[in-house]
Amino acid sequence: MRPVSASISIDAPRERVFEVIADLANRPAFCDHFAKGFHLQRLESTGIGASARFRAEASRFPIWMETVITEIDAPHRLVERGQGGRADRMPLGTAWELVEAPGQMTKVTVTFWTEAENHVDAARGRLGAGRWYRKQWKQALKRLRDTIEGDEPIVPLQVAGASRI
């Protein structure tokens, strides 16, 4: 599937927005409308190597995905790589770019792509997966904006069985 992108402006400092995005434990707060069964795979949910697994609930092509933070250039860019699909055979990636805008505004752009090597996975991309992911990422960015600009704190996801200390 070709890369799909979505952008939004958020009325908050870039460092604050990056802090929320860079912590995988915060993802359910704005991605749980399409990322079901979200769970962390490591105790540390930030930094290079932090990873999570979830199920993208598309009606015609639901798949499990894993994402791992591979690059961090705080507070400008965050890159995640992972696998998805049947037997995790399809490489995928997500890139977050944050640019300062006038005042306290931050422009956030998320780009998502898959590198389908199997003909079945490639066919799903041609059958509308790109449109579906673009719609979901736009909705996620709106929810991220509402979450950051709102007064309610984000409740991060916890690893089951982790020490509470």
Side-chain angles (χ1 to χ4, degrees), residues 1-58 61 63 65-84 90-116 125 128-159:
M1 181 184 75
R2 293 182 182 159
V4 295
S5 295
S7 296
I8 199 165
S9 293
I10 299 175
D11 188 13
R14 180 170 53 178
E15 291 77 14
R16 167 73 177 125
V17 177
F18 188 85
E19 176 185 309
V20 172
I21 291 170
D23 189 349
L24 293 179
N26 294 331
R27 294 292 168 86
F30 57 94
C31 291
D32 66 351
H33 63 284
F34 76 95
K36 306 294 181 187
F38 197 96
H39 59 275
L40 298 172
Q41 294 187 300
R42 300 192 189 271
L43 289 176
E44 188 58 46
S45 61
T46 61
I48 292 181
S51 64
R53 189 155 176 86
F54 59 92
R55 183 168 172 85
E57 286 292 335
F61 38 82
I63 63 171
M65 295 184 183
E66 176 186 49
T67 188
V68 180
I69 297 175
T70 57
E71 296 177 38
I72 297 177
D73 182 14
H76 311 285
R77 183 172 161 84
L78 178 81
V79 178
E80 303 168 26
R81 299 292 295 192
Q83 295 85 237
M90 182 175 56
L92 55 90
T94 309
W96 298 83
E97 296 180 5
L98 288 77
V99 177
E100 285 184 337
Q104 291 287 319
M105 300 293 284
T106 302
K107 181 180 178 188
V108 179
T109 302
V110 60
T111 304
F112 176 79
W113 67 94
T114 62
E115 300 167 4
R131 287 188 303 274
W132 186 83
Y133 282 112
R134 182 178 291 114
K135 179 181 176 184
Q136 301 312 312
W137 284 115
K138 283 182 180 180
Q139 180 66 27
L141 288 178
K142 288 177 186 174
R143 293 182 68 202
L144 174 66
R145 179 191 61 204
D146 295 345
T147 300
I148 291 176
E149 291 179 357
D151 293 334
E152 292 187 34
I154 297 172
V155 179
L157 187 67
Q158 299 291 317
V159 175

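For this chain, numbers begin at 1 and follow the sequence in order.
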N-O pairing of Lys36 and Glu57 below 4.0 Å: no

> Looking at side-chain heavy atoms only, is the closest gap between Val20 and Thr147 below 4.5 Å?
Replying inline: no

- Is there side-chain contact between Leu92 and Met65, with at least one heavy-atom pair below 4.5 Å? yes

Check your understanding: Would a 4.5 Å heavy-atom cut-off, applied to side chains only, mark Met105 and Glu100 as touching?
Key -> no

Practice prompt. For salt bridge (Lys or Arg N to Asp or Glu O under 4.0 Å), just list the numbers for Arg145 and Asp11, CA-CA rounded to whole Å, side-chain angles, deciding distance to a tenth of an Å, and then say yes or no.
Written response: CA-CA 8 Å; Arg145 179 191 61 204; Asp11 188 13; over 6 Å; no

task = Walk me through it: do Leu144 and Ile21 pass the test side chain to side chain contact (heavy atoms under 4.5 Å, CB included)?
result = CA-CA 9 Å; Leu144 174 66; Ile21 291 170; 3.9 Å; yes

So, do Leu24 and Ile69 sit near enough that their side-chain heavy atoms are less than 4.5 Å apart? yes

Under a plain distance cut-off of 3.5 Å, with no hydrogens placed, do Asp23 and Ser45 share a side-chain donor-acceptor pair? yes

Notebook entry, point to check: With no hydrogens and no angle check, is any side-chain donor or acceptor of Thr46 less than 3.5 Å from a backbone partner on Ala22?
Noted result: no

- Between Leu157 and Phe38, does a side chain to side chain contact (heavy atoms under 4.5 Å, CB included) hold up when you go through it step by step? CA-CA 9 Å; Leu157 187 67; Phe38 197 96; 3.4 Å; yes

Student check: side-chain heavy atoms of Val110 and Thr94 closer than 4.5 Å = yes

Taking it one step at a time, do Glu80 and Arg27 satisfy salt bridge (Lys or Arg N to Asp or Glu O under 4.0 Å)?
-> CA-CA 13 Å; Glu80 303 168 26; Arg27 294 292 168 86; 2.5 Å; yes

d(Arg143 CZ, Ile8 CD1) to nearest 0.5 Å is 12.5 Å

Consider only side-chain N and O atoms of Thr109 and Ser5, and report whether a donor and an acceptor are under 3.5 Å apart. no

inquiry  = Within the 4.5 Å heavy-atom criterion, are Val17 and Trp96 side-chain neighbours or not?
reply    = no

Rounded to the nearest 0.5 Å, the CD atom of Gln41 sits from the OG1 atom of Thr67 at a distance of 9.5 Å

Test item: side-chain donor near acceptor, Gln139 and Trp137, under 3.5 Å: no

Rounded to the nearest 0.5 angstrom, the CG-CG distance for Leu98 and Asp73 is 10.5 Å

Subject >> Beyond-backbone contact of Thr106 with Glu15, side-chain heavy atoms, under 4.5 angstrom >> reply: no

### Query
Hey, does the side chain of Arg42 reach the backbone of Gly49 with a donor-acceptor pair shorter than 3.5 angstrom?
yes

Quick one: does Trp113's side chain get under 4.5 Å of Arg2's, heavy atoms only?
-> no

Are the side chain of Lys142 and the backbone N or O of Lys138 linked by a donor-acceptor pair below 3.5 Å?
no

Run Glu115 and Arg81 through salt bridge (Lys or Arg N to Asp or Glu O under 4.0 Å) and show every step you take. CA-CA 11 Å; Glu115 300 167 4; Arg81 299 292 295 192; 3.0 Å; yes

Practice prompt. Mind running salt bridge (Lys or Arg N to Asp or Glu O under 4.0 Å) on Arg53 and Glu66 for me, showing each step along the way?
Written response: CA-CA 4 Å; Arg53 189 155 176 86; Glu66 176 186 49; 5.1 Å; no

